Amino acid sequence: MAKKNVAAAAKKKAVEAKVQKKVLLKTEDDYEPVNRWWDKEDGAASGKKGAKKWDTFEHHGLMFAPDYESHGIPIKYNGQEIKLPVDCEELATYWTSVKGTDYETKEIFIKNFWDAFLAKIKKTDLKDTITDFEKCDFSKIADWRASEREKRNNRSKEEKAAEKEVNDKETAWYSHGLVDGIREKLGAYRMEPPQLFRGRGEHPKQGMFKKRTLPESCTINIGLDAPVPRPFGVPGHAWKDVVHENHVQWIASFEDGVLGETKYVSFAATTGLKGQPDMLKYDRARRLLKKVEDIRSSYERLQKGKNIVDKQKATATYFIDKLALRVGGEKDTEEAADTVGCCSLRVEHVQLENTPEHPFTIHLDFLGKDSIRFKNSVTVTEQVYNNISDFTKGKKPTEQLFDKVSPPVVNEYFKEFMEDLTAKVFRTYNASYTLQKELAKFDIKKKDRISQDELVKFYNDANRQVAILCNHQKAVSKTHDASMQKMKEQKMSLKKQYEAHKAHLKWLENPDLSKKPKNSDDMKLPKDAETCRRKIVEIKLRIEKHSTSMKDKEDNKLVSLGTSKVNYMDPRITVAWCKKVDLAIERVFPRTVRTKFPWAMHAPSKYLFD
DNA sequence: CGCCCGACTTAGTATCAGAAGC
DNA sequence: GCTTCTGATACTAAGTCGGGCG
């Protein structure tokens, strides 16, 4: 009987293992897609911009944000409780959602929110009652929100699972489209819910109300023969338009509820529709490698010339090439934050220094994309130094440094060397080149003596060099200091253990000669010398590992590695290096990255640039 | 030829779930 | 078993660039 039970249990285990394996395989399938577009005859050809994307095309349209549900919680005005009309309450509720963020205290944000809120108030009986932001107290709504969140977090496992199932069922209807009969995952098919606009930096429109998107501002793109989806969940509404454009990659476009710009709903990064152009991008960077010497000698020559446009564009190109600056198009400061790139640099953003300590040095300090600060000092050639000095002469700080050039001028110049070369290719090229250069520093002779953790560290260091080059930053996490402190304490404790074990070992080896060390922390110490020795090695390893991860954390405090991984570094370089050093790709490429680059996952073991 | 717009890539952050630590 | 940490992902803002248009 007992035997039978054992056998049954074993069988059950085997089945479980099988099921488990199936689940795992399913995950792996994500980057072993059925549609191996990169293996096909026309390969990446259809990834070209403007190329035909499909013959038949079907999808279920867009998922609209749920209606606002009134909670009926009042605000306090001048200490007095006031229940707001629903549309005012809605705005007040969105205001409380920025509680705890920087927006809460930003003047522009508050002003824009208040203008929007007051505009609604003015249409009600409260127009003479509510007039002053300072007298408003939204904390009751904020508290309600907090308690709702608490409730949500405290849901039982079963509740969460049940909710997830309902959710998955609902989204499954929308989540994929059929492109030439192949089921492809979509990107963000959920319409942006109404909220207060969170523009970055000193965006003049931050805090404005971003209106709900209704079908009337959405255009659907779908196959000519496919059934046109209805705008579900918003009865009585109709699409603005239905088109059948097969030379674009979007399934729907809509007008943004605050900026009025057109936004697109497209496919997920894992699909061929996104993957094909992406692969071509890295090939472009690869071709740039073959031309870059020509380009460099060209711009060095033009820097010396008489023609002011040539001189400026050649000097600007130097920055794009050496500092990986973005090209920097013109921006309307009424509509957007004041940020710049190479061509839009102003005199106030550069400072020149030519001293024995810092010969031919240019100090750059400006806000780039997303209002991320670029602060860097570089030693340049004498020629570039003199040119910059020239370009600043007689100009006010707010005037453009390269006043004679603009992105089209620079990009047209690049066309002389390569038909599809533009400024941004330099970033891709420089990022990939830097990664390869850094990884190549690895001494392959050390391969067998180095741990996987150390290999990962080495890779991350290379990755970090790229991120620094591209100026990819992130905010310091709110818990950074606290967790750093904690790690320091852990390190101390490990060191203490190490010392104690060492002293203990000494005593174990020579119980007669040495005094038994006192065990102040009631540590559990081994009974025999052999175990103690093993333990010492183990603790030492733990200390090393701990220190490495501490250093990694500190080094990555402000640097974001993800952006370069996903957008800049040719994945084939990473795959090739991992093969060479016997490191599992999973250690350096998270699943999201692996699924984005299925075409690179089996790249040959050679470097991109050889 | 300059400007605007359509389409697409690149970017940082909020949020959530599962893993790891206590 | 509860809490904290971490990585994945969802979200949406903000760039680039080519082409069309006046």
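All figures in this text were calculated on a predicted structure; none of them were measured in a lab. Lettering follows sequence order; numbering is per chain, from 1.
The interatomic distance linking Glu586(A) (CD) with dA8(C) (C1') rounds to 15 Å, in whole Å. We find that OH of Tyr282(A) is positioned 10 Å from C1' of dT10(B), with the value rounded to whole Å. Per the geometry, NZ belonging to Lys331(A) stands 9 Å off P belonging to dT16(C), to the nearest Å. Distance Asp256(A) CG to dA13(C) C1': 9 Å, rounded to the nearest Å. Summarising the geometry, the separation between CG on Asn556(A) and P on dC5(C) is reported as 17 Å, rounded to the nearest angstrom. When rounded to the nearest whole Å, the span between NZ of Lys281(A) and C1' of dT16(C) equals 12 Å. Whole-Å rounding puts the His480(A) NE2 to dT4(C) C1' distance at 16 Å. Here dT9(B) presents its P atom at 15 Å from CH2 of Trp250(A), a figure rounded to the nearest Å.
Shown here are the salt bridge (charged side-chain N to carboxylate O under 4.0 Å, His left out) partners of Lys424(A), two or more places apart in sequence or in another chain: there are none. Take Arg427(A) and apply the salt bridge (charged side-chain N to carboxylate O under 4.0 Å, His left out) test, not counting sequence neighbours, and it matches no residue. Annotation: salt bridge (charged side-chain N to carboxylate O under 4.0 Å, His left out) contacts of Lys369(A) (sequence neighbours excluded): none. With sequence neighbours excluded, the residues forming a ring-ring contact (aromatic ring centres under 6.0 Å, His included) with Tyr568(A) are His472(A), listed by chain and number. For the salt bridge (charged side-chain N to carboxylate O under 4.0 Å, His left out) test, residues two or more places apart in sequence or in another chain that qualify with Asp453(A) are Lys545(A), Arg587(A).
Ring geometry, Phe57(A) versus Phe267(A): the interplanar angle falls from 30° to 60°, so the pair is classed tilted. Taking the six-membered ring for Trp and thresholds of 30 and 60 degrees, Phe414(A) and Phe426(A) have ring planes inclined between 30 and 60 degrees apart.
Under 3.5 Å, the side chains of Tyr299(A) and Thr315(A) contain no donor-acceptor pair of N or O atoms. Checked by atom type, the side-chain pair Gln473(A)/Asn471(A) shows a donor-acceptor distance below 3.5 Å.
Using a 4.0 Å heavy-atom cutoff across all strands shown, Gly341(A) reaches no nucleic acid atom at all. Within 4.0 Å (heavy atoms only), Thr339(A) reaches sugar-phosphate atoms of the nucleic acid but no base atom.
When the side-chain nitrogen and oxygen atoms of Lys210(A) are compared with OP1 and OP2 of dA13(C), one or more of them lie within a distance under 4.0 Å. Neither OP1 nor OP2 of dT4(C) sits under 4.0 Å from any side-chain N or O of Ser483(A). Taking 4.0 angstrom as the limit, Gln195(A) places a side-chain polar atom (N or O) nearer than this to OP1 or OP2 of dT12(C). At least one side-chain nitrogen or oxygen of Gln249(A) sits closer than 4.0 Å to the OP1 or OP2 atom of dT9(B). For His247(A) and dA7(B), the shortest distance from a side-chain N or O to OP1 or OP2 is not below 4.0 Å.
Residue Asn556(A) is tested with Arg464(A), His480(A), Lys474(A) for a side chain to side chain donor-acceptor pair (under 3.5 Å); the sole match is Arg464(A).
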Enumerate, atom names and distances included, each donor-acceptor pair closer than 3.5 Å involving a side-chain atom of residues 557-564 of chain A, sequence neighbours excluded.
from, atom 1, to, atom 2, distance (Å)
Ser564(A), OG, Asn463(A), ND2, 3.1
Ser564(A), OG, Leu561(A), O, 3.1

In the 5'-to-3' direction, what one-character label does each nucleotide of nucleotides 11-22 of chain B receive under the scheme B = base within less than 4.0 Å of a protein heavy atom, S = sugar-phosphate only, - = no such atom? SBS-S------S
Each nucleotide in nucleotides 17-22 of chain C should get exactly one letter: B, S or -. Can you fill that in based on protein heavy atoms under 4.0 Å? SS----
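For residues 187-207 of chain A, the side-chain hydrogen bond (donor to acceptor under 3.5 Å, both in side chains) pairs, not counting sequence neighbours, are Lys106(A)-Glu202(A), Glu192(A)-Lys210(A), Glu192(A)-Lys263(A), Arg200(A)-Asp370(A), Lys205(A)-Glu335(A). Within the structure, salt bridge (Lys or Arg N to Asp or Glu O under 4.0 Å) pairs that include any residue of residues 142-152 of chain A comprise Glu148(A)-Lys151(A), Arg152(A)-Glu163(A) (at least two apart or interchain).
Place Met191(A) and Gly368(A) on DNA chain C by their nearest nucleotides, and Met191(A) ends up nearer the 5' end. Projected onto DNA chain C by closest heavy-atom contact, Lys185(A) and Lys553(A) fall at different nucleotides, the more 5' of which corresponds to Lys553(A).
No more than 12 heavy atoms of other residues, nucleotides or ligands lie within 6.0 Å of CD in Glu334(A), so this atom counts as exposed by the packing criterion.
Of the candidate nucleotides dT9(B), dC11(C), dT9(C), dC11(C) has the atom lying nearest to any side-chain atom of Arg190(A).
End-to-end axis angle for the helix from dC1(B)-dG22(C) to dC22(B)-dG1(C), using five pairs per end and rounding to 10°, comes out at 10°.
Put simply, the side chain of Lys160(A) never gets that close to the backbone of Asn154(A): no donor and acceptor are under 3.5 Å apart.
Taking every heavy atom of residues 260-268 of chain A and every atom of DNA chain B, pairs under 4.0 Å involve Thr262(A), Tyr264(A), by number.
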